[in-house]
Amino acid sequence: MDTAQQAVLTIDGLQILLDALRQRGYRVVGPTVRDQAIVYDDIASIDDLPRGWTDEQDGGHYRLIGRDDEALFGYTVGPHSWKKFLHPPLLRLWSAEHDGQGVRVVAEPDPDERFAFIGVRSCELHAIAIQDKVFLGGAHVDPHYRARRQDAFIIAVNCGQAGGTCFCVSMNTGPKAKAGFDLALTEVVGDSGHIFVVEAATDAGLTVLAEVPHRLATQEEADAAESVVTQTAASMGREMHSDDVHELLLRNLENPRWNDVAQRCLTCANCTMVCPTCFCTSVEDSSDLARAESSRSRRWDSCFTMDFSYIHGGSVRASSRSRYRQWMTHKLATWLDQFGTSGCVGCGRCITWCPVGIDITEEVRAIRDSEQH
Amino acid sequence: MAPPPEPPVHGRTPPDPMVPCVARVRRRRRDAPQVWTLDLEVDGGDGTKNFPFAPGQFNMLTVFGVGEVPISLSGDPAKPGCLVHTVRAVGAVSDALARLGPGDPVGLRGPFGAGWPMTEAAGRDVVIVAGGLGLAPLRPALYQLFAGRARYGKIVLLYGARSPDDILFRREIESWRRRLDIEIEVTVDHASSVWHGHVGVVTTLISRADFDPLHAIALVCGPEVMMRFAITALRHSGLDDQSIYLSMERNMKCAIGFCGHCQFGPVFVCRDGPVFRHDRVQSLLALKEI
C-alpha cells in the first residue's frame, strides 16, 4: 500500500494497531470516559475508549449521552487537549544542590517515554502545529516540548459529527485531517458493519499499519468515509467570520463591547486551561527548609490572573475588561503578528467550558456588528 | 511521524535556555534607599569569566530557593568580566537579591533582549532621559558613549529622581560633570532647602537642554508615565518618532518568548525589546492596560 491508498481496519484491527504501538515502546494515550467527561489518558485497549458515548455541548454546557450505536469516536473534543502531554501543566525545570559555598544546577532530564496519541482531531493537529511554532520555531527551542513532541506518533480521527460549539470550518482547521499525522482514521458505522478507513501519511504510519491486518478500501468505503467528513463540515455548531478578524479587533481595542463582556467574565481562566494553543506559563521556586536543595517548576498560567501582568506597584491589566481583551486579541489577532497563524483552531472548548457561557464567536460578531451601526 | 518544523540537532543538544548558570557576588554597595548594586562574576569553567553584553540588555537573576527576576545590566560593556546589576528591593526576589553578600551564589541567565541603538547614535546628538532606577540600564550606554566620545555629537543626560537621596550613582554623576563634554541636569520631585538643584519632573528639563533636534537621538527609560511625558516633550522639541527609543518593563518569567507574560500587544518585551523605537509601540503606549 502507498500513502495515496486507503485501507480498512476492523475494530479488532484497531486493537492490534494499539498493541503494535505499545510493543514499539509507545505510551498509548487517547480518549476515555472519566468524571462524566471524555478526557485523554492512558489507553490499555479499545475497551478504554468511549464506546457508545457522544457529547452535547453548548456555551457553559457539556453532557455525555449514550449513542444508539457502538462508535468509538462518536463525540468531539472534551476539556483536555494534547498539550497536557506535550506541554505539561506542571514540569520541573531544574534542581540545585547547595553544598557549603557551591551550587550545582542540574537540568531536568528528558522523559524516557514516547507518546502515541490516539484520536487526534483535525483542530487539534492544527493546535499542535501552532504550539510547534511557539516552542520550536523561534530563536530559542523549548527542549521539554521538543523531547515530547519529536517522537510522538499521531493517529488522527476525522470527526463524524460536529459539536455544538465547533467552528473549525470557519478557522480552516477541519474537520478533515490533512497534515500532521501518521495515520488518520474515519470511523464508518452502518448497516454493513463497523470499520475504520485509514489513510497513512508517513513512513512510520505505513510501517505500523503493515503490522496490522488490513485490506484496501473499496471505492464505496472511501466515499462513505468522505461523506462522513462532508456531513460534519456542514453541521458546525458555531461560525466565525475570521479572514479580517485581526484588523477588526485591533481597530476596536476601545470598543464598549469589552466592558459588556467584562460584566460577564469571571476571569476564572477556564478558557485558557482548556484552549489547546494557550501556552503561557509561570515559574515557581521551592527549597527545603535548610536551603540545601532548591528547584524551579513551570506551570500553566493564564492572562486572566492579576499576577500575570504584575510589576512592582501593581498589575498592568487590573480590570477584567483588559484581561479578556488581552486573551481574545492575542488569540485572534496579535498571534498572527507573532507566529504567522491565528491562535484559534475553532475547537469550541473555551465556549463549552466557560462557566458563564461566553462565546468567542458571539463576541467577534458583536464587535463586528457595532461597526455597522 | 509528524515532523516538528525544526528537526533536532544531531549529536549535540543545545543547552536548555531556562537553566541558569551559577554566578557569584563579588561586591555589593548601596546606591539609594532600597537600591543596591551587585557586581557579579560568572563561575569559571571554560577558563574565561567574560560575559559580553550590549547596553540595554538584561539578565534573569535567581536567588536559589526564592525565585528569578529580570534585572538590567548597569555596568560597563567594555569590562565583561564584571557583571553589574542595580536592584531595587521591592519584592520577595529583589529583596533577597539585595541582601546577598560577597561570595553568595546567584543563578544567571542571559543576556537577553534588544539594547540601545548605539550604532544609530553615531554622528548624532544623544539625549538621555532617565527617571529613577531607569538610569541603571542607561549607564552602559553612557560608558559606551564616553569610550567613543569623538563619534557622537553633544551628549545630554537629563535625570530625575524622587528626592536627593534617591539619586543613583551620585558620585559618578559628579565625575561625569567634570568631563565638560556632557550636559547633565538632575532634578528631584521634592527636596529640602539644602538641595540647590532643579525641583520638578524630568520632562521639564527637555525644552531647556542644548541639542539639535534634527540630528539627535533620544534614549528614554523610567516609569511608563514619565516616558510618555518625556516623549511628548521630545517630540515638541522637534525629534521625530524614529529618533526616540524607550525601554519597556513588563512581568517576565522566561525572557525567551515562551511564558507570555511580557506581551505588549503583538510584541514580547523580553525578545523584541526591552528597547523599542517609539514609532513601533506608539499606538500601544497611548492605550491603558495593554
Side-chain angles (χ1 to χ4, degrees), chain A residues 93-94 96 98 101-105 107 125 128 132-143 146 149-154 179-182 201-202 204 253-254 279-283 285-287 291 294 296 298 301 303 308-312 316-319 321-322 326 330 334 337-338, chain B residues 1-9 13-22 24 43 62-68 88 90-94 103-107 133 223-224 249-268 271-272 283-284 287-290:
Chain A
L93 296 174
W94 50 261
H98 310 228
Q101 283 297 295
V103 176
R104 202 167 64 91
V105 181
L125 295 171
I128 292 170
D132 285 351
K133 289 196 175 188
V134 173
F135 292 122
L136 307 175
H140 293 281
V141 164
D142 177 18
R146 183 182 54 196
R149 173 72 177 97
Q150 64 186 356
D151 294 322
F153 187 93
I154 293 180
F181 57 84
D182 297 290
T202 61
L253 291 172
E254 300 286 15
F279 59 82
C280 290
T281 53
S282 191
V283 288
D285 285 33
S286 55
S287 74
R291 281 178 73 180
S294 61
R296 177 166 300 151
R298 178 171 85 180
D301 200 359
C303 53
F308 190 83
S309 64
Y310 185 86
I311 44 178
H312 59 89
V316 172
R317 290 185 283 271
S319 69
R321 168 189 182 272
S322 66
Q326 166 60 25
H330 183 219
T334 51
D337 302 311
Q338 295 167 351
Chain B
M1 70 163 215
E6 285 195 352
V9 180
T13 307
D16 184 340
M18 288 298 282
V19 176
C21 69
V22 180
R24 243 163 232 296
D43 261 8
T62 291
V63 180
F64 289 100
V66 182
E68 184 179 52
R88 174 173 281 153
V90 287
V93 183
S94 55
D104 284 340
V106 177
L133 207 58
E224 217 164 297
E249 183 179 15
R250 281 295 180 271
N251 186 308
M252 288 180 195
K253 299 294 183 194
C254 75
I256 50 179
F258 291 160
C259 80
H261 285 246
C262 71
Q263 286 178 79
F264 182 49
V267 303
F268 289 90
R271 190 185 71 184
D272 307 320
S283 59
L284 298 164
L287 297 164
K288 284 195 176 125
E289 297 192 298
I290 283 290

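Naming convention: chains lettered A, B, ... in sequence-line order (proteins, then strands); numbering from 1 in each chain. Keep in mind it's a predicted model, so treat the numbers as computed, not measured.
For the set A:W94, A:F279, A:F135, A:F308, the count of heavy-atom pairs under 4.5 angstrom toward chain B peaks at A:F308. When each of A:S282, A:A318, A:C303, A:G102 is checked for heavy-atom pairs under 4.5 Å with chain B, A:S282 comes out on top. Counting heavy-atom pairs under 4.5 Å between each of B:C254, B:G265, B:C259 and chain A puts B:C259 at the top. Between chain A and the residues B:G260, B:G257, B:C262, the largest count of heavy-atom pairs under 4.5 Å involves B:G260. If you tally non-hydrogen atom pairs under 4.5 Å between each of A:H312, A:R296, A:R321 and chain B, the highest count goes to A:R296.
The side chain to side chain contact (heavy atoms under 4.5 Å, CB included) check on B:S283 picks up nothing, with sequence neighbours excluded.
Of the two parts of A:A96, only the side chain, counted from C-beta on, holds a non-hydrogen atom closer than 4.5 Å to a non-hydrogen atom of chain B. Using a 4.5 Å cut-off between heavy atoms, B:V66 touches chain A through backbone and side chain atoms alike. Looking at A:R291, the atoms closer than 4.5 Å to chain B (heavy atoms on both sides) all sit in the side chain, from C-beta outward. Proximity to chain B (any heavy atom under 4.5 Å) is restricted, for A:L253, to the side chain, taken from C-beta onward. Contacts between B:P223 and chain A at a heavy-atom distance below 4.5 Å are absent for every atom of the residue. The parts of A:D142 that come within reach of chain B are both its backbone and its side chain, each placing non-hydrogen atoms under 4.5 angstrom from that chain.
Checking side-chain atoms of B:H261 against main-chain N and O of B:A255 turns up no donor-acceptor pair under 3.5 Å. For the pair B:N251 (side chain) and A:I311 (backbone), a donor-acceptor distance under 3.5 Å is absent. The closest donor-acceptor contact from the side chain of A:R104 to the backbone of A:H98 lies at 3.5 Å or more, if one exists at all.
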After noting the C-alpha distance and the side-chain angles of A:V283 and B:M18, does the key distance pass the side chain to side chain contact (heavy atoms under 4.5 Å, CB included) rule? CA-CA 10 Å; A:V283 288; B:M18 288 298 282; 4.1 Å; yes
Would you check, one step at a time, whether the test side chain to side chain contact (heavy atoms under 4.5 Å, CB included) holds for A:V105 with B:F64? CA-CA 10 Å; A:V105 181; B:F64 289 100; 3.8 Å; yes
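With respect to A:E254 and B:K288, no salt bridge is recorded, no charged nitrogen being found less than 4.0 Å from a carboxylate O.
Side chains of A:T334 and B:Q263: no donor on one and acceptor on the other come within 3.5 Å.
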